[in-house]
Amino acid sequence: MNLFAKEDRCVSPNLIKIKLPELPEVQTIVNDLDKKIVGKKILGVLYCDAKKLIKESSFEKFKKEIKNKKILKAERRAKNILVHLSDEKILSVHLKMTGHLLIVKNSKLKAKNLGATSSQIIIKNGKWAGNNLPKELKEPKNQFIHLVLELSGGEVLALSDMRKFAEVKLVDNGYLRILDQKLGPEPLDTGFDIKCFKNIIKSSKGKIKQALMDQSKISGIGNTYADEILFFSGVRPDRLVGSLKEVEINMIFRSIKDILKKAIKLRGTSTADFRDTEGKEGGYQKVRYVYQRKGEKCRKCGSIIKKIKQGGRGTCFCPVCQK
DNA sequence: TGCAGTGTTGCTTC
DNA sequence: CGAAGCAACACTGC
């Protein structure tokens, strides 16, 4: 059985397309990158429009430094995608909200009738302008191209991001230490055990959902999984951490591990663009119990899922199952 | 039709 | 000092 609506899967072997990336989604992307582009060389930057996109260094520097770097491996730290390159460089990508990466065959993108050479990808106003475009590239979500890297082997790696929140940096190895300093432990590492989690709870003050989403405390949990984790723990999102009983803390700890693992296994489950999955067949709804289910029936007890605003974010929970 | 909602991060404010 | 609010952005839905 397929647990996903069409839009939430990798829609073609060459297209990595997952929305609203939290830890499991970023892990999925990283796993795919590791499979598909490791060993290739970055021949150069074919296109880059956003001045904001390249933050750390100037674009000219970025362009010069990334040229001819070999891709060694891809890894994830929190919601950051880290592509390790030769000469101890790292291409760091944070997709923020609507960013996504595309791997596309170069030959599909050439605009022959526009007189382009093999290395010229034609993009106009952020849209692909080649002929014979794959169907997926014509989708609206893929028409916000800000960066295109040419890879050896006749492929390109592109970043599309409607809201321009995504960030791309070319950094050196020291960046890993900077990340470690500002990010909490990886929830799926063995080092993140119940003792570690209890310490985090002890050092937190406000509401439990905010604590779970605080990247400096725990890495990689966003709005979707925070809601889902708390549902499976039977704990209301607005509970103060100080009020949590031992058994509840244990439940939350287990749920963090279980839900994130399950989500990775399923290649990510989150979606914000609800309209994309609405009405479409697939078991996607089966893996989502509360997030964006306001007004619908709780899958456990049948009560109506409630939505509140907490910490500026939409927060869904079952008023009966969660105490 | 305009404006609130959508969510991640980091900066500002209190 | 730490929590809360908001900007960045573009599009959807009411």
Side-chain angles (χ1 to χ4, degrees), chain A residues 7-8 18-27 29 49-56 76-82 92-101 125-127 139-147 159-169 171 175 178-184 187 200-230 237-242 263 268-279 288 290-295 306-317:
Chain A
E7 269 60 31
D8 294 288
I18 296 168
K19 283 169 257 167
L20 278 213
E22 295 182 37
L23 186 151
E25 288 74 26
V26 177
Q27 188 66 53
I29 292 165
D49 73 341
K51 289 172 192 107
K52 216 191 110 192
L53 184 68
I54 311 295
K55 259 197 170 170
E56 295 288 290
R76 181 191 59 75
R77 180 72 177 93
K79 299 172 193 170
N80 298 277
I81 298 167
L82 303 172
S92 162
V93 180
H94 198 303
L95 298 170
K96 296 283 174 83
M97 305 194 48
T98 50
H100 55 272
L101 293 174
N125 302 324
K127 298 179 187 199
E139 286 178 24
K141 291 281 183 298
N142 294 322
Q143 300 294 343
F144 297 89
I145 306 300
H146 304 298
L147 178 69
L159 173 80
S160 178
D161 184 15
M162 182 178 72
R163 293 171 76 176
K164 295 183 191 167
F165 283 9
E167 273 178 31
V168 175
K169 310 178 204 184
V171 295
Y175 184 66
I178 296 171
L179 279 184
D180 282 337
Q181 274 168 22
K182 63 177 188 180
L183 292 170
I200 290 167
I201 290 294
K202 236 185 262 172
S203 70
S204 302
K205 271 183 182 162
K207 293 167 179 172
I208 180 62
K209 181 176 175 182
Q210 270 56 52
L212 291 179
M213 290 200 301
D214 186 336
Q215 302 299 301
S216 71
K217 292 189 169 83
I218 310 169
S219 289
I221 299 174
N223 205 28
T224 310
Y225 291 109
D227 279 3
E228 295 293 317
I229 286 164
L230 288 172
D238 56 359
R239 283 279 297 282
L240 295 173
V241 283
T269 63
S270 81
T271 174
D273 290 343
F274 197 39
R275 69 196 174 284
D276 282 350
T277 57
E278 197 175 1
R288 201 185 53 187
V290 284
Y291 179 70
Q292 284 196 349
R293 292 195 70 242
K294 176 196 172 187
K306 210 174 153 186
K307 183 174 179 181
I308 56 171
K309 193 157 186 167
Q310 187 180 312
R313 332 293 253 256
T315 298
C316 298
F317 66 99

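Keep in mind that the numbers below use all heavy atoms, side chains included, and drop hydrogens, waters and symmetry copies.
Look at CD on A:Gln215: it is 8 Å from P on B:dT8, rounded to the nearest Å. Atom CG in A:Leu179 sits roughly 12 Å away from atom P in B:dT9 (whole-Å rounding). Protein atom CD of A:Glu22 is 10 Å distant from nucleotide atom C1' of B:dT8, rounded to whole Å. Taking atom CD1 of A:Ile218 as the reference point, atom C1' of B:dT8 lies 17 Å away to the nearest angstrom.
The stretch residues 216-225 of chain A participates, sequence neighbours left out, in these salt bridge (Lys or Arg N to Asp or Glu O under 4.0 Å) pairs: A:Asp214-A:Lys217.
No contact: A:Gln210 has no heavy atom under 4.0 Å from any strand. Nucleic acid contact for A:Gly222: sugar-phosphate only, since backbone atoms but no base atoms lie under 4.0 Å from a heavy atom of the residue.
Of the side-chain N and O atoms in A:Lys79, one or more sit less than 4.0 angstrom from OP1 or OP2 of B:dT9. When the side-chain nitrogen and oxygen atoms of A:His94 are compared with OP1 and OP2 of B:dT8, none of them lie within a distance under 4.0 Å. Within the structure, every side-chain polar atom (N or O) of A:Lys96 is placed at least 4.0 Å from both OP1 and OP2 of C:dA8. In terms of phosphate contacts, A:Lys182 brings a side-chain nitrogen or oxygen within less than 4.0 Å of OP1 or OP2 of B:dG10. Between A:Arg313 and B:dT8 there is a side-chain polar atom (N or O) within less than 4.0 angstrom of OP1 or OP2.
Annotated stems with DNA chain B as a participant read B:2-6 with C:10-14, B:8-14 with C:2-8, given as range with range, by first number; only runs of 3 or more Watson-Crick or G-U pairs under 3.5 Å qualify.
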